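Convention: sequence-line order gives letters A, B, ...; per-chain numbering from 1. Worth knowing before you read on, the calculation uses all heavy atoms, side chains too, and leaves out hydrogens, waters and symmetry mates. What you are looking at is a predicted structure, and each value in this text was computed from that prediction instead of being measured.
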Amino acid sequence: MDFKSVEKKWNEYWEKEGINSYDKEHPEKKYYVLEMFSYPSGSNLHLGHWYNYAPSDSFARFKKMQGYNVFQPMGFDAFGLPAENYAIKTGIHPEDSTKKNIATMEKQLKSIGAMFDWSSLLYTCSPEYYKWTQWLFIQLYKHGLAYQKQSPVNWCPSCNTVIANEQVVDGKCERCGAEIVRKNMTQWFLKITDYAEELINCLDKLDWPEKTLTMQRNWIGKSEGGEVVFPMGDDKITVFTTRADTLMGVSYVVLAPEHSLVDKITTPECRKAVEEYKTAASKASDIDRLSTVKEKTGVFTGAYCTHPISGEKIPVWIADYCLATYGTGAVMGVPAHDTRDYEFAKKFGLKINRVIKSKDGSPDELPYTEYGVIVNSGAFDGMTTAEGKKTILAFLNKKGLGGVKINYRLRDWSVSRQRYWGAPIPIIHCDHCGAVPVPEEDLPVRLPYDVNFTPDGQSPLRKCESFINTICPVCGRPAHRDPDTLDTFVCSSWYYLRYPDSKNPDKPFDPKKINKMLPVDKYIGGAEHACMHLLYSRFITKALRDMGYLDFDEPFTSLVHQGLILGSDGEKMSKSKGNAVNPDYLVEKYGSDVLRLYLMFGFSYTEGGPWNDDGIKSISKFLDRVERAVDVAITRKGQKVDEKEKRELEYALNYCIKKVTEDMETFSFNTAVARIMELVNTMYKCDNAGDLYFETCEKLIRILAPLVPHFAEEMHERMGFKPSIFREKYPVCDESKLVKDEVEVAVQINSKMRSKIVIPTSLSEEEAKEFLLKNEKIAEMLGGAAIKKFIFIKGRLINIII
RNA sequence: GCCCAAGUGGCGGAAUGGCAGACGCAAAGGACUUAAAAUCCUUCGAAGGAAACUUCGUGCCGGUUCGAGUCCGGCCUUGGGCACCA
């Protein structure tokens, strides 16, 4: 078969007949299939994109043939750092390179032959889109979900610019090798923490991979504990702890080096050491700081606070294992019952006070971090850990020195980027009125084209006078725009809401439309987004719901992660390693149907694996084999059917339909293809199935249609049916054809495989026992021994314990 | 370091706690052919055995169970994420 002309023929036909587009008249049967959109960084689609999109498209087509009205849109996540870096290196403007890349990728996407609804195409970098990203930011601001605060960034003193985590290699700037320091800057944050509780609770109702749910739960990191206040003259230090029961064992308190009290409380004699320590800490990443193998470091501030119960003087230290971003940025040190505190106290000679003993006298060497019974704690002695936590926090609460507190590891979402290639933050800073949102009628705040974005210490937009200078929309006095752009995760946190109404000039979306079309029924993308993109999207959906713009709680009902296709060397594909595989060449050589079927058959979809094209030829051969079966079927049409072959073929067909339907539903494409191959193998053994052969072949082609759409459409037509096969129904299994009178079961004696035996399917356990004991071979193996236990697994196995 | 996964023949990979290796690749043998390609058929985890068959075998160590690739505990290795790559 000449696949090139076949692919062209049917792509044109589908386009002309509107086979791929969503039918707006029937939203009641909608099925929204969405693949994570691509970032146009490289100049073309790689095999990984194909692996995401082609099998997902087969799933979408499967759903369409099951009678759903499928909506499958496509777009580009087009803002971001790589385009900007590329521009700094080559001088090619991000807008130009991005547009060019998108054009190439669009063409390639069309070569997949996927049923994307191109009429709803969107790019996040177009003003028609980012106008509404800005609108979203303003709504969040107006509802108290966006605020500014000081926060550290990676600062390269030599390039004189903020650099991304990715560009920091071993604490040094990737570009110039200078040592990176962390520097505080005022930045915008979104209050995702307001939704922490709901973001955890709603996970239970999502059809998502278990591992992703676990990762999100851990990322949000709910921990129930309490706050304890350590007074300090006019000031106080508040710590968060999950072990209030160990409060009487506190021997020191630690502040994060960035804690706001540090400068104030440090005594003159300690100042030099504290300053040096702060500088050193600003160079370490959080990952290094939290390492449990690294030796603990810290310095004494010279200051003391007061124990809230005993009134004892407690020394205040700073140490980098305490992070400013978690809890209150301060922890109490209980060396006897915390591993990190124990190491710290040992190193710096701080007191170690045991206040917990094991309940049952089992070994409880220090540091003893298990739960137990309280000792050496005055009135609290004898209480269990659980009682102690409650009692101590209640006691503190009465004194106004603490109480129960739930803490989350989740931090607010930092969205300011000191970059050019992003959506400008729609805020005007006025000396008189403060931060003022740009009026909605003035949106979008356009990203100017002619900007010098070479790094030199400032956000690129700050240097663009025509952009930065404006007037305050409230008081009319001169003011300046926010010079930063939004994190691209903001753009991608709501795109699934725009697709169903992507050309709407007046609103980001029509609530009526999206309330019908969403949530997304099946969302497909890489597991690398498990925590960030997926969590941000959930947050934005909930925030918009609470503002009244939509009426569902979760954006993605069901989620699937495709695995990663690696280079043939087992490494992640990348240009620099030279192991990237170009799908265009494969499409050219084998055709898009063969490539997509190979991707589905050769890998476990959720696992992925190293690329290897050894088997791709066999897929071509398999389709040739199917084609020959079709030609044979045509010659046998109307012929008589042999009874024995009839039963065999009917069983094979219905078994195939049943299994493939289940496998398609769960994205188990490799086993689906295997079951289809089995059916074809059976068909090749049938020489006298006549008309039934033709009928089987007709169904086979329909089962294949979602997997190899062009090929199937061609075969369907060749068999004399009217196109399009995608208007036909997916075959349904006839269970009655799967009933068998006899079944082969395994026979084990003392759990060892001994034999196999064919027994009537309908036998009960008792009947099976009787049947088995009558069998000479089995009786011989048992040798007359008494049966202790008889285990019967219907249709599978019998185990006799003697 | 922390969180989350994965590890099965020469290879890609199958296996609701119940016959390990479906399906395919590679390899070997055969049929057809003047020949090759294509196609069709057969064999194909390891060791032993003429064979029937037996023993071993799912990263490593231990446990639960009549029965473990699958569940539990502890390791090892690889991959993803760790909040400014997207």
Side-chain angles (χ1 to χ4, degrees), chain A residues 36-39 41 77 79-82 85 151 153-154 162-168 187 192 209-219 221 285-294 325 409-419 487-489 491-492 525-533 535-536 561 563-564 566 570-572 598 601-604 606-610 612 614-619 621-622 624-625 628 668 670-678 681 684 744-756 788-793 795-801:
Chain A
M36 289 180 184
F37 59 178
S38 336
Y39 179 73
S41 74
D77 187 14
F79 275 137
L81 183 66
N85 285 342
S151 172
V153 292
N154 299 314
V162 175
I163 66 166
N165 286 345
E166 192 190 43
Q167 300 171 288
V168 182
Q187 309 194 61
I192 189 170
E210 203 49 53
K211 65 164 184 172
T212 311
L213 297 174
T214 307
M215 277 194 272
Q216 286 218 354
R217 270 187 208 108
N218 292 341
W219 184 266
S285 71
D286 285 3
I287 292 175
D288 295 334
R289 285 172 60 164
L290 286 174
S291 168
T292 48
V293 290
K294 193 193 73 161
T325 48
R409 205 185 70 99
L410 182 68
R411 309 206 290 256
D412 277 337
W413 174 12
S414 149
V415 295
S416 293
R417 298 290 180 271
Q418 295 70 42
R419 302 270 160 64
D487 176 11
T488 53
F489 275 124
C491 308
S492 60
E528 66 273 22
H529 293 293
C531 290
M532 304 180 70
H533 162 65
L535 199 60
Y536 294 148
H561 295 307
L564 203 60
L566 306 169
E571 302 278 334
K572 211 169 170 173
Y598 179 62
F601 181 62
F603 304 85
S604 164
T606 53
E607 295 296 322
N612 176 339
D614 282 352
I616 194 164
K617 276 193 220 85
S618 74
I619 296 292
K621 285 187 194 170
F622 171 66
D624 290 344
R625 201 165 144 85
R628 282 194 298 277
S668 182
N670 55 349
T671 52
V673 177
R675 298 294 86 82
I676 297 173
M677 287 173 168
E678 282 167 359
N681 290 345
Y684 265 72
E744 189 189 55
V745 298
V747 178
Q748 295 185 339
I749 294 174
N750 284 345
S751 306
K752 286 224 166 202
M753 275 298 301
R754 287 296 164 195
S755 181
K756 287 173 190 182
K788 273 205 235 160
K789 199 170 172 183
F790 187 84
I791 295 158
F792 177 74
I793 309 293
R796 285 185 170 270
L797 167 143
I798 288 164
N799 188 4
I800 305 168
I801 310 299

Are A:Arg625 and A:Asn681 close enough that some pair of their side-chain heavy atoms sits under 4.5 Å apart?
yes
Decide side chain to side chain contact (heavy atoms under 4.5 Å, CB included) for A:Leu410 and A:Ile192; before the verdict, give the C-alpha distance in whole Å, the side-chain angles of both, and the deciding distance to 0.1 Å.
CA-CA 8 Å; A:Leu410 182 68; A:Ile192 189 170; 4.1 Å; yes
Rounded distance in Å - OH (A:Tyr684) to P (B:U39)
9 Å
Answer with base, sugar-phosphate or nothing: what part of the nucleic acid does A:Ile800 contact at a heavy-atom distance below 4.0 Å?
nothing
Given the C1' atoms of B:C41 and B:A46, what is the spacing between them in whole Å?
27 Å
Check if the side chain of A:Gln216 and the base of B:C3 share a donor-acceptor pair of N or O atoms closer than 3.5 Å.
no
Please give the distance between the C1' atoms of B:U39 and B:C56 as a whole number of Å.
39 Å
Whole-Å distance between B:C25 P and A:Ile619 CD1?
9 Å
Tell me if the side-chain of A:Gln418 makes a donor-acceptor pair with the base of B:C84, cut-off 3.5 Å, by modelled atom types.
yes
Is A:Leu81 touching bases, backbone alone, or none of the nucleic acid, heavy atoms closer than 4.0 Å?
sugar-phosphate
It should be established whether A:Arg754 places a side-chain nitrogen or oxygen under 4.0 Å from OP1 or OP2 of nucleotide B:U54.
yes
Run the ring pair (Phe, Tyr, Trp, His ring centres under 6.0 Å) test against A:Phe622 and tell me which residues pass, sequence neighbours left out.
none
Mark yes or no for whether A:Asp77, through its side chain, and A:Ser492, through its backbone, hold a donor-acceptor pair below 3.5 Å.
no
Should the ring pair A:Phe790 and A:Phe792 be called parallel, tilted or perpendicular, given that the plane angle runs from 0 to 90° and is split at 30 and 60?
parallel
Between B:A6 and B:U55 - P atom distance, rounded Å:
32 Å
When you check the phosphate oxygens OP1 and OP2 of B:C40, does a side-chain N or O of A:Arg628 lie under 4.0 Å from one of them?
yes
Would you mind telling me which of B:C40, B:A86, B:C25 lies closest to the side-chain atoms of A:Thr488?
B:A86
So what does A:Thr325 touch, heavy atoms closer than 4.0 Å: a base, only the sugar-phosphate, or nothing?
nothing
Please measure how far the P atom in B:U54 lies from the corresponding atom in B:C61, and state the result in whole Å.
26 Å
Indicate syn or anti for B:G69, taking the glycosidic torsion and treating anything within 90° of 0 as syn.
anti
If the condition is side-chain hydrogen bond (donor to acceptor under 3.5 Å, both in side chains), which residues does A:Ser755 pass it with, not counting sequence neighbours?
A:Lys777
Quick one, give me the B/S/- string for nucleotides 66-82 of chain B, reading 5' to 3', where B means a protein heavy atom under 4.0 Å from the base and S means that only happens at the primed atoms, P, OP1 or OP2.
BS------------BSB
Across all chains, not counting sequence neighbours, the side-chain hydrogen bond (donor to acceptor under 3.5 Å, both in side chains) partners of A:Gln167 are none
Quick check on B:C2: is either OP1 or OP2 less than 4.0 Å from any side-chain nitrogen or oxygen of A:Asn218?
no
In whole angstrom, give me the gap between the C1' atoms of B:G10 and B:U43.
16 Å
Round to the nearest Å and state the distance from A:Leu535 atom CG to B:A86 atom P.
17 Å
Span that lies between the P atom of B:A28 and that of B:A37, in whole angstrom:
12 Å
Between B:A83, B:C40, B:A22, which nucleotide has the shortest distance from any of its atoms to the side chain of A:Ala674?
B:A22
Residue list, ring pair (Phe, Tyr, Trp, His ring centres under 6.0 Å) with A:Tyr536, at least two apart or on another chain:
A:Trp413, A:Phe489
For A:Val153, which contact category applies under a 4.0 Å heavy-atom criterion: base, sugar-phosphate, or nothing?
base
When rounded to the nearest Å, what value does the distance between C1' atoms of B:G73 and B:U65 take?
16 Å
Starting at atom NZ of A:Lys617, determine the distance to atom P of B:A26, rounded to an integer number of angstrom.
8 Å
A:Phe37: what forms a ring pair (Phe, Tyr, Trp, His ring centres under 6.0 Å) with it, not counting sequence neighbours?
A:Tyr495
Give the rounded distance in Å between these two atoms: CE of A:Met677 and C1' of B:G24.
6 Å
Under 4.0 Å from OP1 or OP2 of B:C56: is there any side-chain N or O of A:Lys752 that close?
yes
Categorize A:Asp624 for me: base, sugar-phosphate, or nothing, with a 4.0 angstrom heavy-atom threshold over every strand shown.
nothing
Set of side-chain hydrogen bond (donor to acceptor under 3.5 Å, both in side chains) partners for A:Gln187, sequence neighbours left out
none
Please lay out, stage by stage, how A:Arg754 and A:Gln748 fare under the test side chain to side chain contact (heavy atoms under 4.5 Å, CB included).
CA-CA 5 Å; A:Arg754 287 296 164 195; A:Gln748 295 185 339; over 6 Å; no
Out of B:C84, B:C23, B:C25, which nucleotide sits closest to the side chain of A:Ala164?
B:C84
Does B:C84 have its OP1 or OP2 closer than 4.0 Å to a side-chain nitrogen or oxygen of A:Arg417?
yes
Considering only the C1' atoms, how many Å lie between B:G45 and B:A22, rounded to the nearest integer?
15 Å
Taking salt bridge (charged side-chain N to carboxylate O under 4.0 Å, His left out) as the definition, give me every residue that meets it alongside A:Glu678, ordered by chain and number, with sequence neighbours left out.
A:Arg675
So which one's nearest nucleotide on RNA chain B is more toward 5', A:Ser618 or A:Glu678?
A:Glu678
Identify, with sequence neighbours excluded, every residue that meets ring pair (Phe, Tyr, Trp, His ring centres under 6.0 Å) alongside A:Phe603.
A:Tyr51
Dump the pairs, protein N or O against N or O of nucleotides 7-14 of chain B, anything under 3.5 Å, distances to one decimal.
residue : atom : partner  : partner atom : Å
B:G12   : O2'  : A:Gly602 : O            : 2.0
B:G13   : OP1  : A:Gly608 : O            : 3.1
B:G13   : O3'  : A:Asn670 : ND2          : 2.8
B:A14   : OP1  : A:Ser604 : OG           : 3.0
B:A14   : OP1  : A:Asn670 : ND2          : 2.9
B:A14   : O5'  : A:Asn670 : ND2          : 3.3

Please state how far atom CG in A:Leu797 lies from atom P in B:G18, giving the value in whole angstrom units.
10 Å
If one requires at least 3 consecutive Watson-Crick or G-U pairs with distances under 3.5 Å, the stems of RNA chain B turn out to be B:1-7 with B:76-82, B:10-12 with B:23-25, B:27-31 with B:39-43, B:45-48 with B:53-56, B:59-63 with B:71-75
Taken to the nearest whole Å, CZ/A:Phe622 to P/B:G24 is 9 Å
Output, in order, the C-alpha distance, side-chain angles, deciding distance and verdict of side chain to side chain donor-acceptor pair (under 3.5 Å) for A:Ser751 and A:Asn799.
CA-CA 6 Å; A:Ser751 306; A:Asn799 188 4; 3.2 Å; yes
Length of the NE2-P vector between A:His561 and B:A5, whole Å:
11 Å
Could you list the residues that satisfy salt bridge (charged side-chain N to carboxylate O under 4.0 Å, His left out) with A:Arg419, not counting sequence neighbours?
none
